[in-house]
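Remarks on the structure that follows.
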There are 2 protein chains.
Amino acid sequence: MARDAEATRRRILAVALALFREKGFAKTTMRQVAREAGMSLGAAYHHFDGKHAIVQAYYAQQNAAHEAAVRAALEQAGGGLRERLGVAFHTGLDVRAGDRALMRELAPLVIGPDEALSAFSPESEPLRNQSIALMRDLVDDPSVPEDVRDPMALALWALFLGVLLYFTRDTSPGQAKTRALVDGALDLAVVTMGAIGLPAFAPVRAQLTSLLRDAELLPDELA
Amino acid sequence: MARDAEATRRRILAVALALFREKGFAKTTMRQVAREAGMSLGAAYHHFDGKHAIVQAYYAQQNAAHEAAVRAALEQAGGGLRERLGVAFHTGLDVRAGDRALMRELAPLVIGPDEALSAFSPESEPLRNQSIALMRDLVDDPSVPEDVRDPMALALWALFLGVLLYFTRDTSPGQAKTRALVDGALDLAVVTMGAIGLPAFAPVRAQLTSLLRDAELLPDELA
DNA sequence: GTCTATATCCGGATAGAC
DNA sequence: GTCTATCCGGATATAGAC
C-alpha cells in the first residue's frame, strides 16, 4: 500500500525533524525516531535508508518552501532587478529562520563527500538546478547582458549558499549581520552586472566570463 | 616521560595519516590506528581525544608547511603584490596537492559545529590568525589603501578557504581549473584593491569596508 | 509485494584496573 | 601510560506478518 507508505514516511520525517530541532541532529538516534513514530528500528530503516536520507527529504521540503515563498512574494514586489534579488535572498532566510541551529549542524553534510547530500553531487542535481533556475529567472533583466546571465545565476546560487552558511553562525540579534551582508553583496552584484556591459569593462568582463564559464565556477563533476 | 609521550603521539599521527590517505578517513578505525601503532585502543585514546583530535594535529602540520613554503618562495619571488599573492596561493595548493582526497573528506569538519575543528571557532583561532596574518603581510603594499588592508586580508583568507574547497573537488588534469580560478580571482582582487582607492569608487569603497569591517565578513563569534 | 520485528555487527568513545 | 571490558548508536541481515 503505497498510500500508507507515504503517510508513514511523512510521519517519520515529522517526528525526526521535531527531534532534530529539539535535541540536535547528532544527539537524535534512529532508535528514538522509530520509537516516537511508533514503530521498530527496522521499520524506520525500511522507509529511510538512514539519517542522511531524512536530511535529504528535509532539504527538498525546505527548497520547495523557499521557491513557493519567493514566487508568491514576487507577485507583490515591484520590478527592479535589485528588489527582486533582495526578495529572493531575504525570503530564503525567512523560510529558514527557525532552523538555524539545525542547519548549522547539517552544514558539513552539504559540502561533504556523501554523494546524496553534497550540494555539488550529481545526486543533488535536481535540487541544485531548481535553485539555479530561480536565480536565472531573476537575472533575466534588460540591465544584465545576456551572455553573463548564466554564469551570474551560478554565482548567485553559490553566493546564497555562502550566505546560508554565514546565517547559521550569525548570532547578532535577528541575524542583522546576515541581512546587511545580503544587502551589501547584492548591491555590489547589481552594480557589477550593470557595469560589466560598458565598453570600458570589456577586459574584466572577459575575465569574469572565462572564470565563471570557460574555467567554470564549479569543478568538473558539476559539469 | 613527556619525551616518550611526544614520540608516541607522533607515531600515532603518522600511522593515522597513512591509513587516512590509503583507505580514507571514514573507513579508518581507531582500532586499526591503535593496532598499527602497536598499542591498545585505550592507549591511543589516551594520546588523542578521538579521531577529530588527530585531524586537528594534521591541520596544524599542514598550516606550518604552507607558511614555511610561502616564506621560502617569497625570498626568491619578485616584489609585485600580484606576484606575491600568486606565490602564496599556488604554494598553498602545492603543499596540499597529494592530499586532495583526504581533504575532500575532511572538508565537512571545517565548517562543522565541532568547535575544535571548525575554521570559525574560537578553538581554531591560533591557526586562523596565523593564516590571516600571512595574508595581511602580503597585502601590506603601497598600492593598497591602508584602511582596506585588514578587511582585505580577511577576505583573502576566506577566498583561500573557498579555493581549497574547490581544489578538493576539481578533477581536471593537474587541477588546472583551480589554478585558473586562483589566477583569475587574484587578478580581480588586485584590480579591485587598486581601483578602490580612486575617488570615483568612494561609494563602493564605503560599501566594501562596511561589508567587511563594520558588518564584519565573519559572524559574531569570530569577533 | 509491502511492511515490521528481532538479533547482530561494527566502530567510536569511556571507565577503571594495573 | 597502557590495558581490558563495556557502553552506545548507526547500520544490516533476516525472518516472518499482512
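We name chains A, B, ... by the order of the sequence lines, and we start the count at 1 in each one.
- Between the side chains of B/Ser118 and A/Arg169, a donor-acceptor pair is found at a separation under 3.5 Å.
- Between A/His46 and the phosphate of C/dT4, there is no side-chain N or O to OP1/OP2 separation shorter than 4.0 Å.
- Checking the phosphate oxygens (OP1, OP2) of C/dT4, no side-chain nitrogen or oxygen of A/Ser40 falls inside 4.0 Å.
- Here CZ of B/Arg100 is found 3.5 Å from CD of B/Gln175. Values are rounded to the nearest 0.5 Å.
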For the pair B/Arg84 and B/Asp140, evaluate salt bridge (Lys or Arg N to Asp or Glu O under 4.0 Å) and give the outcome as yes or no after the intermediate values. CA-CA 11 Å; B/Arg84 296 202 330 265; B/Asp140 232 323; over 6 Å; no
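- Atom CD1 in A/Ile12 sits roughly 11 Å away from atom C1' in C/dT4 (whole-Å rounding).
- Counting only distance, with no hydrogens or angles, the side chain of A/Arg21 and the backbone of A/Asp99 share no donor-acceptor pair below 3.5 Å.
- Taking the side chain as every heavy atom from C-beta outward, B/Leu164 and B/Leu93 approach each other to under 4.5 Å.
- In this structure, A/Phe160 has its ring center under 6.0 Å from that of A/His66.
- When each of B/Ala43 and A/Gln32 is assigned the nucleotide of DNA chain D bearing its nearest heavy atom, the one mapping closer to the 5' terminus is B/Ala43.
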Where protein sits on nucleotides 11-18 of chain C, one letter per nucleotide: B base, S sugar-phosphate only, - none, heavy atoms under 4.0 Å: BBBB----
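- Per the geometry, CZ belonging to B/Arg9 stands 14 Å off C1' belonging to D/dG1, to the nearest Å.
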